[in-house]
Amino acid sequence: MFKGQIISQRIFFVVFVFAVLWSVLLIRSAWLQLIPNSKLSRLQDKLFERTVTLKPRRGNIYDRHNKELAISIPSQSLFADPKRMKEPYYSAKKLAQLFCKPKSFFLKKFLNKNKRFVWVKRHLSKRELKQIKSWNLKGLYFLKESKRFYTHENSLSQVLGFTGVEGQGLEGIERQYEDILKGESQKVLIQRDARGRPLFRDFSPFISKVSGYDAHLTIDSDLQFYLEKGLKQAIEKSQAESAIGLILSAETSEVLAMANLPNYSSNQALKAPAWIRRNRAITDIFEPGSTLKTFTVISALKSGISPTQVYSSQDGRLEIGSAVITEADSKKKFRAFLNLSDILAFSSNVGAGSIALGIGDKKLRKTFKIFGFGKKTGIDFPGEAKGLLRELPWREIETATISFGHGIASTALQVANAYTAIANGGWLKQPVLVKKIRNPYTGEEKALKAKNLKRVLTEEEARTLSLMLISVTEEHGTGVLANVPGYFVAGKTGTAQKVNLQNRGYKKGEYISSFAGFIPAHNPKFVIYLMIDGAKDNFYASSLVAPLFSRVASYAVRQAGLLPTVLEEENIVLTSAGDRSGNSQKESIKTKWLLEKERNSNIKSDSFISRSITNIENQGLTKHNPFFIHDLKGLSLRQILKQLDNKDLRVKIQGSGRLLKSIPQGDKNEHIILIFG
């Protein structure tokens with residue numbers, strides 16, 4: 001009996017334990033079924049749902065006339081589900097043949113059964129898409145995405161830049177305005193069945209909507225095309241290595257055209273070498289050569305030197321210690337004395353060097369600095385270089401060579417923008433490439449205007465410089481071939497030896513030829529800078545780049561509808577006096593216009609042109625009279641006496657050392673006082 005009770009108790013205990021366990025299980029089951037649980041929901045979502053992040057369509061890029069430059073178009077991409085692939089080896093073999101890649105590249109993706117989604121190829125071409133579809137391979141699927149497309153192919157390639165496979169901006173405007181163009185990424189929830197297969201694969205409704213803002217550039221695509229065409233012809237003609245061209249609005253510093261040749265296809269950007277993909281007009285620096293003489297002359301004017309004061313040509317040799325500076329063309333002989341305008345017109349190295357030595361390195365460097373050399377312009381573009389402007393003090397030979405553009409380095413944009421300050425009446429502005437940003441949904445626009453950085457010239461100084469630069473493009477000037485019939489052209493040529501970056505010094509026989517100028521000179525609309533690098537044949541800027549400037553400038557004014565100045569025979573003026581040889585001279589329509597313009601203006605009575613008019617009318621002297629106003633500043637007494645040898649002049653000397661000032665005396669300048677110190 002006792003033994004039976006024990007057995008009964010054990011059975012009861014077992015039943016009780018099982019009852020408790022079942023009760024717990026029932027309660028737990030009810031809890032799981034009836035009470036929400038976030039952890040279980042996440043596990044369920046992981047099994048039956050997947051979140052895919054989709055890149056939105058980028059905003060479009062337009063030129064200033066709303067012509068499409070970069071747009072986003074639908075594209076098909078290929079991905080694989082390794083778990084569903086039936087023939088991974090065969091699929092890898094076929095794809096390797098199509099994409100010209102190793103078979104192992106695809107096998108590595110396909111044999112990883114732990115992944116349900118791997119990219120095979122983004123943005124398929126039409127041929128690739130058609131070929132893969134014809135194979136009908138299990139486990140390969142297509143996904144609609146958005147792809148960047150550049151409508152002008154090669155044109156503007158370095159300016160626009162390009163995007164990566166993920167749609168992100170990598171270079172150029174695409175990179176600079178990435179946050180504005182890209183918009184916001186969208187996350188899409190994909191439902192999957194019990195086998196993990198996606199129930200929805202067409203994402204076009206999600207990516208068809210443009211999320212990014214549109215960028216409207218300052219670029220005129222018609223001007224851009226003509227500029228690139230001209231540079232290409234110049235490269236072919238001269239067998240040059242590369243070329244850069246810029247067209248800026250003289251009034252606003254907006255970039256109307258910016259060309260770098262050779263260029264590349266933006267739609268296949270990664271196939272181009274890195275140096276070709278750079279926007280070299282902004283990122284690369286070089287010695288600007290004689291285009292910098294304009295700012296040396298500006299420094300002279302700001303130092304109080306009269307435009308009509310003259311410097312000795314010194315027979316084309318300026319001796320500085322053991323060094324000798326010569327003219328670019330050693331065979332060319334200038335007059336005995338050159339005024340500031342002549343130094344620009346004839347592009348005299350000796351004259352520019354003499355100016356620099358006279359005013360000193362501090363004033364020269366200060367002028368270069370206020371015009372933006374040695375610092376970034378602030379343009380809205382990545383990778384801008386600031387150039388090279390040495391710290392003081394400069395040696396005498398450095399001061400002289402920097403005055404004509406050697407020993408200083410700048411970007412093409414810096415030079416062009418500095419000339420814009422002359423053209424617009426004296427304001428240095430911050431150039432811009434993007435004119436406005438537009439919201440494609442609301443139509444709301446935000447204008448991006450060039451900023452006035454500072455006034456660097458008075459209106460009178462800017463006008464005087466314009467007149468001087470016009471002389472460069474007149475007869476006997478180095479830029480005469482830059483002339484555009486019917487329009488006044490102001491500009492300056494530049495031919496500089498190429499710096500040897502590997503070894504010290506310069507590359508023998510290799511040059512950078514350039515021209516900077518604006519048109520129409522009396523009311524500037526366009527500032528144009530052109531540079532040809534490494535021309536093998538005919539490398540002088542006067543014969544290579546000046547004619548190209550003429551063609552580009554001619555197209556620009558005609559496209560803008562600017563009317564030419566009427567040229568008539570009655571506007572040709574015969575001066576009352578002849579030159580020193582007794583031959584009469586005809587002044588061009590340009591001189592006639594300039595004289596009339598200055599007579600009717602409110603400029604100061606002691607200005608360059610006003611005094612020139614007075615002397616021409618009252619004394620019968622031409623601007624070519626070498627003794628119009630003397631200035632032999634910076635020369636020694638020995639050098640001065642050599643220059644004045646056989647001249648019918650009476651000279652009075654005061655002081656010793658180097659000449660500080662020369663003062664002409666008498667109605668016909670037959671006396672001269674030389675003050676040394």
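Everything quoted here is computed from the prediction, not taken from an experiment. Numbers here are sequence positions counted from 1.
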TODO: Determine, for K525 against E251, whether the closest basic-nitrogen to carboxylate-oxygen distance falls under 4.0 angstrom.
DONE: yes
Task: Salt-bridge criterion met for D361 and R395 (N-O under 4.0 Å) - done: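 Salt bridge flag = no for R395 with D361.
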- [ ] Carefully, step by step, assess F526 and Y487 under the rule ring-ring contact (aromatic ring centres under 6.0 Å, His included).
- [x] CA-CA 12 Å; F526 303 100; Y487 299 87; over 10 Å; no
Open item on the list: Donor-acceptor pair, distance only, cut-off 3.5 Å: does the side chain of R277 make one with the backbone of A272?
Closed with: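 Judged by distance alone, yes, a pair lies under 3.5 Å.
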Task: Main-chain N/O of G167 paired to R58 side chain as donor or acceptor, under 3.5 Å - done: yes
TODO: Scan side-chain atoms only and decide if Y150 and N267 contain a donor-acceptor pair under the 3.5 Å cut-off.
DONE: no
- [ ] Could you verify whether a donor N or O on one side chain and an acceptor N or O on the other, from E153 and S265, lie under 3.5 Å apart?
- [x] yes
Open item on the list: Do V434 and T218 have side chains that approach each other closer than 4.5 Å (heavy atoms only, starting at C-beta)?
Closed with: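 Heavy-atom side-chain distance check fails, nothing below 4.5 Å.
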- [ ] With T377 as reference, evaluate K429, E384, K386 under the side-chain contact (heavy atoms from CB on, under 4.5 Å) test and give the passing residue.
- [x] E384
- [ ] For a side-chain contact (heavy atoms from CB on, under 4.5 Å) with L170, tell me which candidate from E174, Q168, E166 qualifies.
- [x] Q168
Open item on the list: Give me the atom names and distance for the closest heavy-atom approach of I343 to A352.
Closed with: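 Shortest heavy-atom separation between I343 and A352 comes out as CG2-N, 3.8 Å.
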TODO: Using the test side-chain hydrogen bond (donor to acceptor under 3.5 Å, both in side chains), find all partners of D220 that sit at least two apart in sequence or belong to another chain.
DONE: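 Result, side-chain hydrogen bond (donor to acceptor under 3.5 Å, both in side chains) vs D220: H65, Q559.
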Open item on the list: Using the side-chain hydrogen bond (donor to acceptor under 3.5 Å, both in side chains) criterion, which residues pair with N500? Sequence neighbours excluded.
Closed with: none
Are there over 12 heavy-atom neighbours, none belonging to [X], within less than 6.0 Å of that residue's [atom1]?
{"X": "K446", "atom1": "NZ", "answer": "no"}
{"X": "E459", "atom1": "CD", "answer": "no"}
{"X": "K451", "atom1": "NZ", "answer": "no"}
{"X": "K369", "atom1": "NZ", "answer": "no"}

Take the angle between the ring planes of [X] and [Y] and call it parallel below 30°, perpendicular above 60°, tilted in between.
{"X": "F488", "Y": "H522", "result": "perpendicular"}
{"X": "F549", "Y": "F515", "result": "tilted"}
{"X": "Y226", "Y": "Y555", "result": "parallel"}

Open item on the list: Under 6.0 Å between ring centres: does that hold for Y540 and Y511?
Closed with: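 Not under 6.0 Å, so no.
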Open item on the list: Are H406 and Y506, when compared by the centres of their aromatic rings, separated by less than 6.0 Å?
Closed with: yes
- [ ] Among D284, T411, N260, find the one that has a side chain to side chain donor-acceptor pair (under 3.5 Å) with N279.
- [x]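 The single option meeting the side chain to side chain donor-acceptor pair (under 3.5 Å) with N279 is N260.
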Open item on the list: Do R122 and W119 form a cation-pi contact, if we require the NZ or CZ to be under 6.0 Å from the six-membered ring centre and within 45 degrees of the ring's axis?
Closed with: yes
